[in-house]
Amino acid sequence: MNKKITVLAGDGIGHEVTSWGVKILEQIADNFGHQFSFQNALLGHSAIEATGNPLPDETLEKCLEADAILLGAVGHPKYDNDPSLKVRPEQGLLKLRKSLGLYTNIRPIEIFDELADASSLKKELISGVDILFFRELTGGIYFGERNRTEDIATDSMTYSKMEVERIARRAFEAAMTRRKVVHSIDKANVLDSSRLWRATVNKIAKEYPAVEVIHMYIDNAAMQLIRYPKQFDVVLTGNMFGDILTDEASQIAGSLGMLASASIGDKVGLYEPIHGSAPDIAGQNIANPMATILSTALMLDIAFGLKEESRTVVAAVVAVLKKGYRTQDIKDEQTDIDKILQTDQIGQLILDEIKAMKSVFS
Ligand code: NAD
């Protein structure tokens with residue numbers, strides 16, 4: 001299979017982790033006889049520095065002509081410390097999501113047994129957790145009208161029926177292949193946009209009578225997620241609620257550095273770790289590349305339909321964890337000090353596992 005992949009390393013640790021995503025994809029291509037070609041493009045702070053624009057036209061063009069996009073993360077302390085700056089890295093990412101129509105962000109939260117001790121929650125609460133988040137990505141408060149005067153600032157949260165229907169369908173379709181439960185998260189006791197969200201989800205639910213729908217307010221959901229995470233199967237949320245809940249859920253899994261995501265719409269899809277550019281550890285070769293590597297597994301499965309290849313990547317990550325190797329973000333008291341590795345070391349071990357599997361599949 002021939003596929004063209006555009007790589008947007010972005011900022012901070014984005015470079016360190018996407019370089020491993022690319023190496024893993026190259027090895028998979030070698031193992032299974034595919035041709036993957038890669039082209040790089042600028043996004044975020046690095047794009048502002050080079051062109052003054054967080055999403056240069058050239059980057060958008062390279063994304064539109066690709067079969068899939070691998071993204072690291074965007075963001076730089078310069079902007080975090082100065083909210084008055086008008087041109088900002090995240091504008092590039094938001095515009096990219098909007099331009100590509102990436103309205104569905106899929107975030108699997110699965111617990112690797114090996115990392116149960118790295119979670120903030122007790123082992124018995126989290127073992128067996130398997131949640132699939134569907135976060136709406138191109139609507140809601142992040143894209144609503146804004147206004148700012150000296151004393152008053154306004155951000156508006158808008159959802160249309162169409163926006164809710166299309167992501168709800170995707171969530172129900174996924175639930176049909178799983179435990180057939182959808183938790184839809186809103187704040188319908190207070191917000192009109194949530195009341196429309198709830199009514200629309202109920203309408204779509206009628207098309208999937210086998211799936212149970214449970215509506216939950218966001219404040220309750222935030223609490224239930226750490227009280228008893230196993231109750232969740234598919235979770236359907238708007239943009240901001242999903243952003244917050246999935247970061248919370250990352251702690252169930254042990255670290256932001258373990259969680260992958262896929263953003264899909266009707267054109268090319270974008271695959272990225274859920275973490276940010278982590279400026280506090282950027283350039284130190286200590287970032288966990290596994291969220292990005294697991295994002296390549298999602299790409300292989302969802303974008304290219306290469307299930308065996310996708311399983312190979314996940315199996316390689318699991319094999320390295322089973323041998324006790326950790327990056328600093330997922331170590332615990334039991335971790336052997338010699339097995340706490342740098343980005344390049346753990347990336348290489350995962351790559352070696354995939355190489356070693358070549359004979360099994362070829
Ligand atoms: P962050 O995810 O970058 O970091 C939060 C914490 O998790 C930090 O302590 C960091 O060191 C740690 N961490 C994150 N990824 C890690 C990894 N792979 N391995 C080990 N540790 C990891 O979030 P933040 O600090 O709130 O934001 C930093 C910057 O990233 C900001 O500029 C923010 O706007 C941006 N950001 C971008 C995205 C994106 O590009 N999708 C998402 C979130 C935040």
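One-based numbering, in listed order, for ligands and for the atoms of each. Nothing here was measured: the structure is a model prediction, and the numbers come from that model.
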- Query: Given that the side chain starts at C-beta and the backbone is N, CA, C, O, which of these parts of Asp280 lies under 4.0 Å from ligand 1, counting heavy atoms, or is it both or neither?
  - Reply: side chain
- Strictly by modelled atom types, are Arg107 and Thr246 linked by a side-chain donor-acceptor pair under 3.5 Å? yes
- Message: Looking at ligand 1, is there an atom of it that comes within less than 4.0 Å of some heavy atom belonging to Glu272?
- Response: yes
- Note on the structure: Checking heavy atoms under 4.0 Å, the part of Pro279 that sits near ligand 1 is side chain
- Note on the structure: With heavy atoms and a 4.0 Å threshold, my read on which part of Leu256 contacts ligand 1 is side chain
- Note on the structure: Among Asp80, Asp329, Val74, Asp247, the residue with a heavy atom nearest to atom 31 (C) of ligand 1 is Asp80
- Give the atoms of ligand 1, by number and element, whose distance to some non-hydrogen atom of Ala287 is under 4.0 Å. 19 (N)
- Message: Tell me whether atom 24 (P) of ligand 1 lies less than 4.0 Å from at least one protein heavy-atom position.
- Response: no
- Reference residue Ile131; test side-chain contact (heavy atoms from CB on, under 4.5 Å); the match among Val235, Leu245, Val234: Val235
- Looking at Pro289, Gly75, Ser277, the heavy atom closest to atom 30 (O) of ligand 1 belongs to Ser277
- Message: Just to confirm my output: which protein heavy-atom neighbour is closest to atom 39 (C) of ligand 1, and how far is it?
- Response: Leu93 CD2, 3.8 Å
- Is it true that the side chains of Asp82 and Ser84 contain a donor and an acceptor less than 3.5 Å apart? yes
- Item | atom 1 (P) of ligand 1 - nearest protein heavy atom and its distance | Gly276 N, 3.5 Å
- ligand 1 atoms nearer than 4.0 angstrom to some heavy atom of Gly257 are 17 (C), 18 (N)
- Query: Which atoms of ligand 1 are found less than 4.0 Å from any heavy atom of Ala73?
  - Reply: 40 (O)
- Would atom 9 (O) of ligand 1 count as contacted, meaning some protein heavy atom under 4.0 Å? yes
- Would you mind checking which non-hydrogen protein atom is closest to atom 12 (C) of ligand 1, with the distance to 0.1 Å? Ala278 CB, 4.5 Å
- Any non-hydrogen protein atom less than 4.0 Å away from atom 43 (C) of ligand 1: yes
- Task: Have a look at Thr343, Leu8, Asn288 and point out the one with the heavy atom closest to atom 19 (N) of ligand 1.
- Result: Asn288
- Item | Salt bridge flag under 4.0 Å for residues Arg169 and Glu207 | yes
- Message: Between Ser255 and Asp329, is there a side-chain donor-acceptor contact under 3.5 Å, judged purely by atom types and distance?
- Response: yes
- Query: Side chains of His34 and Glu309: is there a donor and an acceptor less than 3.5 Å apart?
  - Reply: yes
- Item | Shortest protein heavy-atom distance from atom 14 (C) of ligand 1, along with the residue and atom involved | His275 CB, 3.7 Å
- Message: Between the side chains of Arg135 and Asp243, is the shortest nitrogen-to-carboxylate-oxygen separation below 4.0 Å, so that they form an ion pair?
- Response: yes
- Query: Does the side chain of Ser277 pick up a donor-acceptor pair with the side chain of Asp11 at under 3.5 Å?
  - Reply: no
- Answer side chain, backbone, both or neither: which part of Ile13 comes under 4.0 Å from ligand 1, heavy atoms only. side chain
- Query: Can you name the one residue among Phe36, Phe32, Tyr271 that meets side-chain contact (heavy atoms from CB on, under 4.5 Å) with Leu300?
  - Reply: Phe36
- Run the salt-bridge test on Lys322 and Glu353 with the 4.0 Å N-O cut-off and return the result as yes or no. no
- Query: Is any side-chain N of the basic residue among Asp219 and Lys187 closer than 4.0 Å to the acidic one's carboxylate O?
  - Reply: yes
- Query: What residue and atom, counting heavy atoms only, is the protein's closest point to atom 22 (C) of ligand 1, and at what distance?
  - Reply: Ile281 CD1, 4.0 Å
- Query: Side chain or backbone of Ile286 under 4.0 Å from ligand 1, or both, or neither, by non-hydrogen atoms?
  - Reply: neither
- Note on the structure: Note: ligand 1 atoms sitting under 4.0 Å from heavy atoms of His76 are 32 (O)
- Task: Using a strict cut-off of less than 4.0 Å between a Lys/Arg side-chain nitrogen and an Asp/Glu carboxylate oxygen, indicate whether Glu173 and Arg170 qualify as a salt bridge.
- Result: no
- Determine the interplanar angle of the Phe172 and Tyr208 rings, folded into 0 to 90°, and report it as parallel if under 30°, tilted if 30 to 60°, perpendicular if over 60°. parallel
